[in-house]
Amino acid sequence: MNPEQTIAFARQIVRTECAAVERLEGYIDERFVEIAETIFHSRGRLIITGIGKSAIIANKIVATLNSTGQPAVFMHAADAIHGDLGIILPDDIVICISKSGNSPEIKVLVPFIRQMGNLLIGMVGNLDSFLAQHSDRILNTTVAEEACPNNLAPTSSTTAQLVMGDALAMTLLKMRGFTAEDFARFHPGGALGKKLYTRVRDIMSSEGAPRVEPEADLNTVIIEISGKRLGATAVVEPESGRLVGIVTDGDLRRMLQSGRDIATVRARDIMSPAPKTIAADELAIKAFRMMEQNKITQLLVVDPEQGDAYCGIIHIHDILREGVV
């Protein structure tokens, strides 16, 4: 194929799979509601099984369910008929995924599940199949055709299974009132979790946080900024501890360029009053967004429990180093 033909062919694959997904919308009806509510009120887990490519999709759906608070376990259909049926507990609900619904392993497995008395949901693309006829509930994932030019390789069908699984998982999430805080409990590692649980106080510089008094001379200000290596220092009233301003290395450069007599300059003369601050218990990702919006690289941190007293400084490098973004 020439480049134009390759582009046209690949775009056709995308259109075919999009059509398969659009078709799913018509399958979401009262039967879907009944399945979702049954799972929501169940005291057991979801056991999801399949064979071949459907087993791979089942694994992904299990991962999505577990990450959003719905206990789920993957059981390979072939392994199930060789001992893994012991995974299934009395209150569990079983979802069996298959395009044809007539795979040999499915025909062996389904009667055993029925004998155990567990509710069986068939996610199936053939409503006349063995699986469809022996399931208690049906999630219809019928597709008009595979995206494969030979109409053989599972493409549209597995995409439809994946999307139907996401629809079910997100519906259960919505029913459960699953929040961002809940999500964080299940995702403590990586950037996703860090965005949701890392607080400013966890990564801010607090030990020896830079500070000077309003009457501090220029030499003191420069030493404090360069010594703490955070590009700024807070200006704090010595008696009350009240935060009154911030001096950044940018303020120093502008002052030097102005030609003022540096011998008479005090911190109060070059500080920016009413500096941008953030509470220590706020999420670090909020601090990052504030820096982005205001085009700055640090925020002064205050402690609301101590009357918004200055307690540290957070730099954009702290956030990046922690992997929050």
Side-chain angles (χ1 to χ4, degrees), residues 13 16-17 20-21 23-24 27 31-32 35-36 38-39 42 44-67 70-169 172:
I13 300 302
T16 302
E17 296 207 12
V21 171
R23 189 171 183 173
L24 290 182
Y27 303 152
R31 288 170 292 185
F32 180 90
I35 289 171
T38 299
I39 295 170
S42 171
R45 308 163 299 168
L46 273 179
I47 308 298
I48 306 185
T49 187
I51 194 79
K53 305 299 186 295
S54 295
I56 297 172
I57 298 301
N59 250 316
K60 190 275 176 187
I61 295 173
V62 164
T64 300
L65 288 164
N66 281 325
S67 72
Q70 172 63 53
V73 177
F74 171 70
M75 178 182 70
H76 197 283
D79 292 335
I81 59 179
H82 291 284
D84 279 4
L85 273 173
I87 290 174
I88 304 175
L89 300 176
D91 290 328
D92 291 342
I93 295 173
V94 180
I95 296 180
C96 187
I97 305 177
S98 175
K99 178 193 175 183
S100 71
N102 290 316
S103 302
E105 295 85 355
I106 299 298
K107 287 186 174 182
V108 174
L109 174 61
V110 165
F112 284 108
I113 296 173
R114 300 284 296 178
Q115 290 174 23
M116 295 170 70
N118 295 83
L119 183 73
L120 176 61
I121 300 169
M123 184 185 291
V124 62
N126 177 4
L127 299 186
D128 296 321
S129 65
F130 181 87
L131 174 60
Q133 296 302 316
H134 291 83
S135 293
D136 299 297
R137 308 280 191 277
I138 296 293
L139 287 169
N140 188 356
T141 52
T142 302
V143 298
E145 60 180 329
E146 298 288 6
C148 167
N150 299 316
N151 197 28
L152 294 174
T155 44
S156 300
S157 59
T158 48
T159 300
Q161 292 167 354
L162 183 63
V163 174
M164 184 63 80
D166 284 342
L168 182 61
L172 291 168

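These numbers come from the heavy atoms of this one structure, side chains and all, not from hydrogens, waters or symmetry mates. All residue numbers in this chain count up from 1 along the given sequence.
Considering all non-hydrogen atoms of both residues, Ser103 and Ile51 come closest at OG-CG2, 3.9 Å. Listed here is the closest heavy atom pair of Cys148 and Leu152: SG-N, 3.6 Å. When all heavy atoms of Glu146 and Ser157 are compared, the pair lying nearest together is OE2-OG, 2.6 Å. In terms of heavy atoms, Phe74 sits closest to Val62 at N-CG2, 3.8 Å. Taking every heavy atom of both residues into account, Val108 and Pro111 meet most closely at O-CD, 3.4 Å. Minimum interatomic distance between Ala80 and Leu109 (heavy atoms only, all atoms of both residues): CB-CD1, 3.7 Å.
Two residues are said to be in side-chain contact when any heavy atoms from C-beta on lie closer than 4.5 Å; Arg114 and Asp136 meet this criterion. Looking at heavy atoms from C-beta onward, Ile97 lies in side-chain contact with Ile95 at the 4.5 angstrom threshold. Counting only heavy atoms from C-beta outward, the side chains of Asn102 and Lys107 approach each other to under 4.5 Å.
A search for ring pair (Phe, Tyr, Trp, His ring centres under 6.0 Å) contacts involving His76 returns nothing, not counting sequence neighbours.
Side chain to side chain, Ser156 and Glu145 fail the donor-acceptor criterion of an N or O pair below 3.5 Å. Side-chain contact check for Gln161 and Ser54: at least one donor-acceptor pair (N or O, by modelled atom type) lies under 3.5 Å.
Around the NZ atom of Lys53, the shell of radius 6.0 Å holds no more than 12 heavy atoms that belong to other residues, nucleotides or ligands. Other residues, nucleotides and ligands contribute only 12 or fewer heavy atoms inside 6.0 Å of the CZ atom of Arg31.
From Leu85, atom CG reaches atom CG of Asp79 across 10.5 Å, with rounding to the nearest 0.5 Å. Considering CD1 of Ile57 and OG1 of Thr159, their distance stands at 7.0 Å, rounded to 0.5 Å. Between the CD1 atom of Ile106 and the CD1 atom of Ile81 there is a distance of 9.0 Å, given to the nearest 0.5 Å. Note that CZ of Arg45 and CG of Asp91 are 10.0 Å apart. Values are rounded to the nearest 0.5 Å. Distance check: Thr49 OG1 to Ile47 CD1 gives 9.5 Å after rounding to the nearest 0.5 Å. To the nearest 0.5 Å, atom OG1 of residue Thr155 and atom CD of residue Glu17 are 5.0 Å apart.
In terms of modelled atom types and a separation under 3.5 Å, the side chain of Ser42 and the main chain of Gly44 share a donor-acceptor contact.
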Side-chain donor-acceptor pairs under 3.5 Å in residues 119-134, sequence neighbours left out?
unit_1: Asn126; atom_1: OD1; unit_2: Asp128; atom_2: N; d: 3.1
unit_1: Asn126; atom_1: ND2; unit_2: Ser100; atom_2: O; d: 3.4
unit_1: Ser129; atom_1: OG; unit_2: Asn126; atom_2: O; d: 2.7
unit_1: Ser129; atom_1: OG; unit_2: Ala132; atom_2: N; d: 3.2
unit_1: Gln133; atom_1: NE2; unit_2: Leu127; atom_2: O; d: 3.1
unit_1: His134; atom_1: ND1; unit_2: Phe130; atom_2: O; d: 2.8

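For the side chain to side chain contact (heavy atoms under 4.5 Å, CB included) with Leu168, the lone residue among Ile61, Val163, Ile39 that qualifies is Ile39.
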